[in-house]
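Just below is one structure, and these are the notes that go with it.
Below, all heavy atoms of this structure are taken into account, side chains as well, without hydrogens, waters or symmetry copies. Every number for a ligand or one of its atoms is a count from 1 in the order of the listing. Note that this is a predicted model, so its numbers are computed, not measured.
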Amino acid sequence: MSDTDTDAETDTNSDSDSRDPTSLRTPIVAVLGHVDHGKTSLLDKIRGSAVIEGEAGAITQHIGATAVPLDIVSSIAGDLVDPDDFDLPGLLFIDTPGHHSFTTLRSRGGALADIAILVVDVNDGFQPQTLEALDILRRSETPFIVAANKIDTVPGWDETEDSPINATYESQTDRVQGRLDEQLYEIIGNLSDEGFSADLYWRVQNFQRNVGVVPVSAMTGEGVPDLLAVMMGLSQRYMKEEMEIDVTGPGVGTVLEVKEEKGFGKTVDIVLYDGTIKADDKIVVGGQNDPIVTDVRALLQPRPLAEIRTESRFEKVDEVSAAAGIKVAAPELGDAMAGAPVRVVRDRDLEDVVREVEAELADIAVDTAEEGVVVKADTLGSLEAMADALEDAEVPIVRAEVGDVAPRDVSVASTADDPKQQVILGFNVDTLSEAQRRAETDDVDIFTDEVIYQLVEEYDEYVEEIEQAQQ
Ligand code: GDP
């Protein structure tokens with residue numbers, strides 16, 4: 001520890017007694033939707049606008065997430081957001097779009113994201129991954145807004161200079177909204193058969209419709225101010241209580257990614273959603289086997305691009321508070337899993353913290369049967385999502401693990417009596433070459449895909465083929 005670190009520590013401690021530890025954290029926002037509907041473009045546009053507006057004030061860099069502070073939301077959204085009306089500090093966008101990262105990012109049994117943006121291409125409408133995303137949002141009870149994207153391609157759409165919200169805009173908005181509403185209501189109708197209440201989407205009674213649809217163009221940026229204003233407004237109105245945290249308390253977060261980093265060894269990128277993590281904290285991280293107890297070696301945040309010359313890409317910081325994305329370097333992280341919990345031990349009994357991490361991991365564990373298929377996935381959350389989908393399809397699972405398809409998996413699958421179960425379903429994973437070889441000799445079929453939906457469909461078709469052959 002350097003002297004500077006110690007000074008910083010003393011400063012923090014000296015005023016912590018007089019300070020109300022309860023603060024409001026930033027709502028965490030995830031972006032979902034079908035491939036090519038514009039998730040990445042929309043995030044880029046939001047990030048780009050935030051950088052332009054934030055040039056004067058420094059924007060804190062995050063790992064895996066983009067923070068848009070309230071004053072910047074307000075500069076982007078103009079009259080639509082008056083900072084005096086808000087006490088939430090802004091919005092934190094998870095940088096990796098798609099439902100894959102969404103299911104990976106869990107927190108205490110729920111979704112890490114507090115709100116989602118479901119991106120739908122207005123020309124393409126609801127596609128398989130839109131439906132899958134809707135299903136995931138429903139399961140995790142995450143409120144969301146539909147961003148009806150690519151409105152610049154709608155014939156006759158007219159963006160006027162004085163204000164995007166004018167008569168033309170409104171009639172166009174209604175047109176797009178009407179089109180999506182039809183599809184949405186059909187889906188909500190189906191979902192409500194399973195006890196789903198449309199009210200969950202946004203618990204918004206006075207928002208005209210149950211689901212907010214904001215027309216946007218990720219290309220021209222039209223509608224982005226409106227989208228931010230709606231997100232901010234609804235968060236402030238409906239989520240304020242959920243955002244109350246003890247900001248000085250021991251940090252709680254979720255592993256976003258496990259990465260080898262030159263000079264630091266294995267590191268974990270985490271999203272912190274509660275409390276504070278400090279550069280000298282002891283932490284407990286969910287691992288492949290047991291919880292990993294280790295000491296933080298460094299907390300790293302990306303350097304602003306302009307400052308990266310010969311310097312490292314990262315800057316060491318003394319502490320960060322929720323909500324934040326940060327890279328943690330520490331020994332023993334080789335076994336850490338994406339999607340696993342991270343907890344700071346500070347001021348707490350180590351045993352208690354380990355037990356909590358174990359409990360969270362057990363909560364994610366998949367129920368297995370005596371007989372069934374082998375399932376592999378790249379993260380805990382995706383393994384769970386896979387297991388849920390198979391349960392719905394009444395497909396039993398004999399073994400479920402995080403990691404690439406390995407020879408051991410083939411051995412397990414090959415012992416099944418039923419040919420329909422001599423199968424490995426891999427979600428977002430690779431197949432090791434030795435496993436591939438062995439699968440060929442042992443007559444085991446390996447299916448891999450990056451869309452759960454499609455993987456289950458492929459398996460269904462395979463089962464049908466076998467059943468037809470047996471008749
Ligand atoms: P993702 O797969 O959902 O992340 O989609 P991308 O952001 O990669 O976008 C897919 C394609 O659609 C790219 O070629 C984008 O340039 C294009 N695109 C995205 N948003 C818009 C938009 O608002 N208008 C138009 N015209 N094209 C868009």
Side-chain angles (χ1 to χ4, degrees), residues 28-52 64-66 68 76-77 91-105 113 115-137 142 144-161 164-165 168-169 172-177 179-180 183-184 187 211-231 256-257 325 378 382 385 427-428 449-455:
I28 300 170
V29 186
V31 178
L32 306 178
H34 193 71
V35 64
D36 282 346
H37 280 197
K39 300 179 292 293
T40 314
S41 309
L42 183 62
L43 270 167
D44 284 350
K45 197 76 200 175
I46 292 170
R47 261 195 298 257
S49 314
V51 169
I52 293 166
T66 299
V68 186
I76 297 172
L91 299 166
L92 185 80
F93 291 85
I94 302 287
D95 282 343
T96 330
H99 53 256
H100 177 53
S101 69
F102 183 85
T103 49
T104 298
L105 293 175
I115 333 166
I117 301 176
L118 181 64
V119 179
V120 182
D121 178 336
V122 282
N123 303 300
D124 213 17
F126 285 73
Q127 294 298 324
Q129 284 165 284
T130 323
L131 301 177
E132 188 161 310
L134 270 169
D135 194 44
I136 290 167
L137 292 169
T142 307
F144 68 92
I145 291 171
V146 173
N149 191 31
K150 309 200 186 180
I151 50 166
D152 56 285
T153 64
V154 175
W157 189 278
D158 185 17
E159 183 189 5
T160 59
E161 282 174 8
I165 302 185
T168 320
Y169 183 87
Q172 295 288 357
T173 304
D174 280 348
R175 243 178 66 195
V176 172
Q177 211 152 1
R179 208 192 293 174
L180 291 173
Q183 296 178 309
L184 209 46
I187 294 158
V211 181
V213 178
V214 182
V216 299
S217 165
M219 197 169 79
T220 67
E222 193 189 352
V224 169
D226 309 72
L227 183 66
L228 290 178
V230 171
M231 302 283 290
L256 190 61
E257 242 184 295
D378 62 337
S382 55
F427 177 62
N428 248 337
D449 206 298
E450 284 162 18
V451 182
I452 292 183
Y453 218 82
Q454 285 170 12
L455 195 53

CG of D44 to NZ of K39: how many Å apart, nearest 0.5 Å?
12.5 Å

Close side-chain approach of D226 to V216, heavy-atom, < 4.5 Å
no

Could you give the distance from CG (L42) to CG (L227), rounded to the nearest 0.5 Å?
6.0 Å

Knowing that exactly one of T130, T142, V120, L137 qualifies, which makes a side-chain contact (heavy atoms from CB on, under 4.5 Å) with L32?
L137

Atoms of ligand 1 under 4.0 Å from any heavy atom of H34, numbered from 1 in the order shown, are 3 (O)

Please check: side-chain N/O of D124 versus main-chain N/O of H37, any donor-acceptor pairing under 3.5 Å?
no

What atoms of ligand 1 come closer than 4.0 angstrom to any heavy atom of A218?
20 (N), 22 (C), 23 (O)

For atom 4 (O) of ligand 1, what's the nearest protein heavy-atom neighbour? Residue, atom name and distance, please.
T40 OG1, 2.5 Å

Check whether any N or O atom of I151, backbone or side chain, sits under 3.5 Å from an N or O atom of ligand 1, and answer yes or no.
no

Evaluate the 4.0 Å heavy atom contact test for atom 13 (C) of ligand 1: does a protein atom fall under the cut-off?
no

Considering heavy atoms of the protein only, find what lies nearest to atom 5 (O) of ligand 1 and give residue, atom and distance to 0.1 Å.
G38 N, 3.1 Å

Which is it for T153 and ligand 1 at heavy atoms under 4.0 Å: side chain, backbone, both or neither?
side chain

Return a yes/no value: protein heavy atom under 4.0 Å from atom 23 (O) of ligand 1?
yes

To which protein heavy atom is atom 26 (N) of ligand 1 closest, and what is the distance rounded to 0.1 Å?
D152 OD2, 2.8 Å

How far is atom 2 (O) of ligand 1 from its nearest protein heavy atom, and which residue and atom name does that atom have?
D36 N, 2.7 Å

Between H34 and Q127, is a side-chain hydrogen bond (donor to acceptor under 3.5 Å, both in side chains) present by the stated rule, with each step listed?
CA-CA 6 Å; H34 193 71; Q127 294 298 324; 4.7 Å; no

From CG (L134) to CZ (F144), nearest 0.5 Å
5.0 Å

If the threshold is 4.0 Å, N to carboxylate O, is there a salt bridge linking D95 and R47?
yes

Which protein heavy atom lies closest to atom 15 (C) of ligand 1, and at what distance to 0.1 Å?
S41 OG, 3.8 Å

Tell me the protein heavy atom at minimum distance from atom 20 (N) of ligand 1, and give that distance in Å.
N149 ND2, 3.2 Å

Around atom 21 (C) of ligand 1, find the nearest protein heavy atom and jot down its residue, atom name and distance.
K150 CG, 3.6 Å

To the nearest 0.5 Å, tell me how far T66 OG1 sits from L91 CG.
11.5 Å

